Amino acid sequence: MAFISILFVRAIMCPVGAIVDCWSESFLVPLIKETMPRDRFISIMQHLRFDDRDTRAERVKTDKFAAISDIWTRFNENCAKSFTPGEHMTIDEQLFPTKVRCPFTQYIATKPDKFGIKFWMATDLDTKYVCSASPYLGKDPSRQKGERLAENVVMKLMEPFLDDGRNVTTDNFFTSLSLSHRLLQRKTTLLGMVNKVRRELPQLAKDTAKREVFSTSVLRSGSVSLTIYAPKKTKTVCVLSSMHQDVTIGDGRKRKPNTITDYNHMKCGVDVLDQMARMYSVRSATRRWPVAVFYNMLDLAAVNAYILYKACTGWTGKRRLFLRLLAQQLRCRFMQHKEILAQRQVLCQGL
């Protein structure tokens, strides 16, 4: 725990530069130096493992994530048990920035850091709490033939939270008519933008030539509605919703329908969470991908702990102060044990 506390102290005190600089004369952090010598910290980092190395070769044949899958599964279970999400949830992808060599490192040109390990995440909209998360490991042999990857991801992430009347918001990678029907069978609604390359979209949704600016068209299929909105002369936005019984047009200049405004409000859950995690991140240079995943897990766990602490105590302080308090609590028992050993050593020298 003292080792983890050092990671959190570095995240809030000196996040730039090599971690060993925290013990140097120029960038000394007294709290870190008091906790543990530099060589002891480096030794723990070098020998840090999350599984049984002797059995890994056998397990990796069926689980690419075997080097840290046990710890990750426990983290997911604790996240689901510790918090009950509200009515609205958001599902999106997160790219944890790292250039370590592993079979599932991704390159996403639209992301700020480009390279990293991709995670699918489900968060609570109001608090940005991580309810469940799953790494993207490439082709999943357990996925049924013919089932879309996006639908499989959403159903797995939402499994503990279905049948309770919630709504899930997704982007155009996930949203489809078949997904909305599957969720409705589990008493869960869907709100999301639809990619125009979907075959299920009618030609009316794809045609932008003769559409008036700020105009809205609504199509229905049972309890699912498709809103087609034209924000510009040659552009349309398609939003699929099984949450809205009626689509109403706003009174503003742009006459946005309520499905569009609700989607704009609800789509940001994972993005805001990622910003919070990156603001005070324990991430450091590493060549081992399990350690990179461990860093991401600590960042997400710290955000969840902050949300739970506020909910349980009513605390209104900043997250940086909470992380300092968390680091102190993590090293408390270690420092007490260290003090007892020092006292015993003094007594032995006196004898």
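For clarity, every value in this text was computed on a predicted model and none was experimentally measured.
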*Give the minimum heavy-atom separation between Ser176 and Glu151, together with the two atoms involved.*
OG-OE2, 3.3 Å

_If I take atom CZ from residue Phe173 and atom CZ from residue Arg148, how far apart are they, to the nearest 0.5 angstrom?_
7.0 Å

*Find the distance between OG (Ser69) and CG (Asp51) and round it off to the nearest 0.5 Å.*
7.5 Å

*Do Val224 and Val218 belong together in a cluster built from hydrophobic side chains that touch within less than 4.5 Å?*
no

_Keeping Asn304 on the side-chain end and Val130 on the backbone end, is there a donor-acceptor pair under 3.5 Å?_
yes

*Centres of the Phe119 and Tyr136 rings: under 6.0 Å?*
no

_Met36 reachable from Leu7 in the ILVMFWY side-chain graph, under 4.5 Å edges_ = yes

*Please name the pair of heavy atoms, one in Ala133 and one in Met121, separated by the smallest distance, quoted to 0.1 Å.*
CB-CG, 4.0 Å

*Give a yes or no on whether the backbone of Ser43 and the side-chain of His47 come within a donor-acceptor separation of less than 3.5 Å.*
yes

*Answer with yes or no whether the side chains of Ser132 and Lys156 bring together a donor and an acceptor at under 3.5 Å.*
no

*Is the Phe294-Phe50 ring centre distance short of 6.0 angstrom?*
yes

_Atom CZ of Arg40 with >12 non-hydrogen neighbours under 6.0 angstrom_ = no

*Donor-acceptor pair, side chain of Arg38 and main chain of Cys22, under 3.5 angstrom*: no

*Sub-6.0 Å ring centroid separation between Tyr295 and Trp289*: no

*Is atom NZ of Lys196 surrounded by more than 12 heavy atoms (other residues, nucleotides or ligands) closer than 6.0 Å?*
yes

*Report yes if the side chains of Leu300 and Leu273 come closer than 4.5 Å at any heavy-atom pair, otherwise no.*
yes

_Closest heavy-atom pair and its distance - Met243, Leu191_ = CE-CD2, 4.1 Å

_Between Ser281 and Asp299, do the side chains contain a donor N or O and an acceptor N or O under 3.5 Å apart?_
yes

*Looking only at side chains, do Ser217 and Arg211 share a donor and an acceptor under 3.5 Å apart?*
yes

*Flag the pair Asp113 and Lys111 as a salt bridge only when some basic side-chain nitrogen lies within less than 4.0 angstrom of an acidic carboxylate oxygen.*
no

*Using only heavy-atom distances, determine whether the side chains of Ser5 and Gln328 contain a donor-acceptor pair under 3.5 Å.*
no

*Short side-chain to backbone donor-acceptor contact, Lys187 and Leu184, under 3.5 Å*: no

*Apply the test side chain to side chain contact (heavy atoms under 4.5 Å, CB included) to residues Arg182 and Val154: give CA-CA distance (whole Å), side-chain angles for both, the deciding distance (0.1 Å), then the verdict.*
CA-CA 10 Å; Arg182 290 181 66 178; Val154 172; over 6 Å; no

*Could you go step by step and tell me if Thr169 and Met89 meet the side chain to side chain contact (heavy atoms under 4.5 Å, CB included) rule?*
CA-CA 6 Å; Thr169 303; Met89 296 180 66; over 6 Å; no

*Look only at the side chain of Thr105 and the backbone of Ile117, and say whether a donor-acceptor pair between them is shorter than 3.5 Å.*
no

*Does the side chain of His88 pick up a donor-acceptor pair with the side chain of Asp126 at under 3.5 Å?*
no

_Looking at Asp274 and Arg278, is there a salt bridge between them, counting it only when a charged N and a carboxylate O are closer than 4.0 Å?_
yes

_Mutual orientation of the aromatic rings belonging to Phe214 and Tyr229 [parallel < 30°, tilted 30-60°, perpendicular > 60°]_ = parallel

*When you check the side-chain N and O atoms of His244 and Ser241, is any donor under 3.5 Å from an acceptor?*
yes

*Return yes when atom CG of Asp52 has more than 12 non-hydrogen atoms of other residues, nucleotides or ligands closer than 6.0 Å, and no otherwise.*
yes

*asked:* Show the nearest heavy-atom pair for residues Asp246 and Arg220, with the distance to one decimal.
replied: N-NH2, 3.9 Å

*Please check if any side-chain donor atom of Asp70 sits under 3.5 Å from a side-chain acceptor atom of Thr73, or the reverse.*
no

*Without swapping roles, check the side chain of Lys64 against the backbone of Gly138 for a donor-acceptor pair under 3.5 Å.*
no

*Are Asp171 and Ile91 close enough, and set up right, to give a side chain to side chain contact (heavy atoms under 4.5 Å, CB included), and what steps lead you there?*
CA-CA 8 Å; Asp171 64 9; Ile91 289 181; over 6 Å; no

*Are Phe96 and Phe115 co-members of a hydrophobic cluster defined by side-chain heavy atoms under 4.5 Å apart?*
no

*Look at the side chain of Lys114 and the backbone N and O of Ala109, then say whether any donor-acceptor pair between them is shorter than 3.5 Å.*
yes

*Is the closest side-chain donor-acceptor distance between Gln94 and Asn296 under 3.5 Å?*
yes

*May I ask you to decide if the ring planes of Tyr306 and Trp315 are parallel, tilted or perpendicular, using 30° and 60° as cut-offs?*
perpendicular

*Taking atom types as modelled, is there a side-chain donor on Thr35 or Arg331 under 3.5 Å from an acceptor on the other?*
yes

*Between the main-chain N or O of Arg166 and the side-chain N or O of Asp164, is there a donor-acceptor pair closer than 3.5 Å?*
no

*Shared hydrophobic cluster for Val239 and Ile249 (ILVMFWY, side-chain gaps under 4.5 Å)*: no

*Kindly compute the distance separating OG1 (Thr248) from CG (Asn258), expressed to the nearest 0.5 Å.*
3.5 Å

*Taking all non-hydrogen atoms of both residues into account, name the closest pair between Met266 and Thr90 and its distance.*
O-OG1, 2.9 Å

*Okay, side chain of Arg143, backbone of Glu147: is any donor-acceptor separation there less than 3.5 Å?*
yes

_Transitive ILVMFWY side-chain link Phe83 to Met297, under 4.5 Å_ = yes

*Let me see the working for Leu226 and Cys238 under side chain to side chain contact (heavy atoms under 4.5 Å, CB included), right down to the final yes or no.*
CA-CA 7 Å; Leu226 177 68; Cys238 301; 4.0 Å; yes

_Separation of Ile12 CD1 from Lys318 NZ (nearest 0.5 Å)_ = 13.0 Å

*Does a side-chain heavy-atom distance below 4.5 Å link Thr286 with Val100?*
yes

_If we ignore hydrogens and angles and just use 3.5 Å, is the side chain of Ser215 paired with the main-chain N or O of Glu212 as donor and acceptor?_
yes

*asked:* So, taking the atom named CG in Asn195 and the one named CG in Leu201, what distance separates them when rounded to the nearest 0.5 Å?
replied: 8.0 Å

*asked:* Angle between ring planes, Trp120 versus Phe174, binned at 30° and 60°: parallel, tilted or perpendicular?
replied: perpendicular

*Specify the closest pair of heavy atoms between Arg198 and Thr175, including all atoms of both residues, with the distance to one decimal.*
NE-O, 3.2 Å

*Looking at Thr216, Val194, Leu219, Leu240, which hits side chain to side chain contact (heavy atoms under 4.5 Å, CB included) with Thr227?*
Thr216

*Residues in ring-ring contact (aromatic ring centres under 6.0 Å, His included) with Phe8, at least two apart?*
none

